[in-house]
Amino acid sequence: MRRTPLHFYLCLTLFGALLLHTDRARAEDPEDIVVIVHKSVAKKEVTIAELQDYFLKNRLSWPDGQKVVPINVKEDTPLRDAFRRRVLGMTATQENRYWLDRKIQSGHKKPPELGNTVKAVYRIKGAIGYTYRKNYKEGVVTIVFVLPKE
Amino acid sequence: MVPYANRGTRQHGHLSCALLCSIAVAIPLLAPMVSWAQQDQAEKDQTVEKAAPSTKDTIEDLNEQYQLKFQQFDERIAAYDETIADLELSMFDDQEVDEDQRGIDIYGFFDVAFVKTLAHKGSLMEGLTNRESTFVLQNTNLYFSSRMSDSLSAITELRFTFRPHGNEQQFEFPAAGLAYERIDTEVDDQLSNEHFRLGGVSIERAHLTWQPRDYFGLIAGYYLTPYGIWNEEHGSPVRTSIRPPHMSVARVVPQAQLGIAVKGRFFPAARTYFDYGITLSNGRGPMDTVMDLDENKALGLKLKLIYEGKKFRLSAGGYGYMGDYTDIKRYVKSVTPEFSVGQEVTESYSEYIGAFDLLLEAGDFRFQGEYVWRLTQYDIRVPRPQMEGPGYKPDYLAYGGYGMLSYTLPLEHLLGEMKLAPYVSLEFSEQDETIDLFSILISVVGLNFKPSAYVVLKLEGTYLHPTKNDDFRVAFIMAQMAVSF
């Protein structure tokens, strides 16, 4: 009978380790940043490029025509910093410059900043915001994107 | 007689015998008692064993009941949490967002510059320009914007200026009997005797925007012509350099138009935008911001493709425009038998304009370039200004373009968030191909420094070199502080 080669077991082990790692990476963490939208928004998932469009007001309406209302959390919070850095690819100064320029060019102003984005997104049609997973309330708003905890 | 010691031993032996005898008697007597005790314990054990299953069941039942209770409590707590959350949500006042989004917003920018002009001694430009260095308040622009609904917004931009105070109207020319004239707007308050200078207000734009969809929006009012980069960047805090391109100064393309426009954006791919705009306006005229003097409305079309990657940005666009310029005069035609007034067209031409722009950002490099072209064809010609030569104005071509390259120095370790970017620019401009005087080359070297989000400092050297007339060579050294607020 032919013996199973050693490298087969090695590959199997590595594959198992990879699966475990993937499974671990997928595990939900209360510190994950979840992007949430109002229940009226038909879109069920968005890409990071679309998130940039919505939060930088390059895209003003949802595919169904409803107005996009981006909502930021308050300035100088770890959540705001993380979202700005990881999604918009900006620092606070760069974001400020961006909005000052946009206001001069086209009159667009930066999104409102609120303490509880879940409440705001729940209440405002077409709203999109973000929060930590631990603050997310199922059934109140819809998750469309997850930024895993770093 | 037995000695005491022996007597004790003998007594001890008697005691031992007595004890053994007692035990021997006691054992048979106690044995049944032990047996009874054992029997009693066994009976008790049997009783407990008989009772144990029912107690265990009871405990398990109680445990189950408690578990059920706990579960019910958990459910009730969760329900209370939900209720509290609902109450919080119902108490949330979205007025905050409404006010933030829908209230009137007032903001703006201004810039202060320091200018030194360097012209060749004895040249025409030395006489035309200010020889002394000077501070200048160039722009003080104030915006009022409001979002009335999700799709409806309005913006007004006003530019405040000290002008027309100081505007030179006429040079002294005794041979022609002309005196030097300069506008002086100084007035005094008769009550307080305070003197002050009146300034001016220029409406940069004032329009309503209705944007129900990304791909469709309607603008009505006085809006910036949607062409190029310089005109759309608009404000000095946004622009890289100080001095506007000559093609912009020469107004080869109208900077703003009064009328309506349709605009929109499509998303052909991720991070890619396709913008369009259609403009319908009074077009250009001697008083186009007040009224149009012909029926031919100007028509324009803008197309622009933009890609915005993380480290790479590219946009390429074009704007085409065609419109008529008409000037008239009104005159009294007759007084008798009826008073009548007539009007006559004194100047009329059609213009066809093409404008192209390219913006490329790669890492810390940025290149922007624009090219504009205009053909003017006269229907009713006017005499040429004296400096342009004799005769009437011919049809002519105007064109110009520039390319500007800037590089943001990688000095994060020294400057942190502050940005320092040197730039160079080369421009050519042919304002009217039939006149040699208007053909110029302009070279610019500058430094753009952004110490904060709100302030931009610029230092710039400009050399203006007419290609066909050296007498018009002039250089400027300028510094500018542009502030957003």
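In the text below, chain A, chain B and the rest are named by the order of the sequence lines, each starting its count at 1.
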Interchain contact, E308(B) with chain A, by part (heavy-atom threshold 4.5 Å): side chain
Region of L100(A) in contact with chain B, defined by heavy-atom distances below 4.5 Å: side chain
Side chain / backbone / both / neither for Y454(B) at chain A, heavy atoms under 4.5 Å: both
Structural part of E50(A) lying under 4.5 Å from a heavy atom of chain B: neither
NZ-OG1 distance between K263(B) and T279(B), expressed to the nearest 0.5 angstrom: 13.5 Å
Minimum heavy-atom distance H38(A)-V121(A), with the two atoms named: CD2-O, 3.0 Å
Residue pair Q66(A) / S40(A): nearest heavy atoms and the distance that separates them: OE1-OG, 2.8 Å
Which of S484(B), A453(B), G235(B), S153(B) touches chain A most, by non-hydrogen pairs under 4.5 Å: A453(B)
Per-residue contact mode, S452(B) against chain A (heavy atom under 4.5 angstrom): backbone
Part of E417(B) lying under 4.5 Å from any heavy atom of chain A: both
Among K419(B), Q211(B), R213(B), residue most engaged with chain A (heavy-atom pairs, under 4.5 Å): R213(B)
Residues N141(B) and E157(B): side-chain donor-acceptor under 3.5 angstrom: yes
Sidechain-backbone polar pair: R239(B) side chain, W230(B) backbone, donor-acceptor under 3.5 Å: yes
Selection residues 266-279 of chain B - residue pairs positive for salt bridge (Lys or Arg N to Asp or Glu O under 4.0 Å), sequence neighbours left out: R265(B)-D275(B)
Interchain contact, T47(A) with chain B, by part (heavy-atom threshold 4.5 Å): neither
Heavy-atom neighbours of W210(B) CH2 exceed 12 at 6.0 Å: no
Residue D105(B) versus chain A: region with a heavy atom under 4.5 Å: side chain
Selection from V68(A), N96(A), T93(A) maximising heavy-atom pairs under 4.5 Å formed with chain B: T93(A)
Cation-pi, Y107(B) ring and K103(A) (6.0 angstrom, 45 degrees): yes
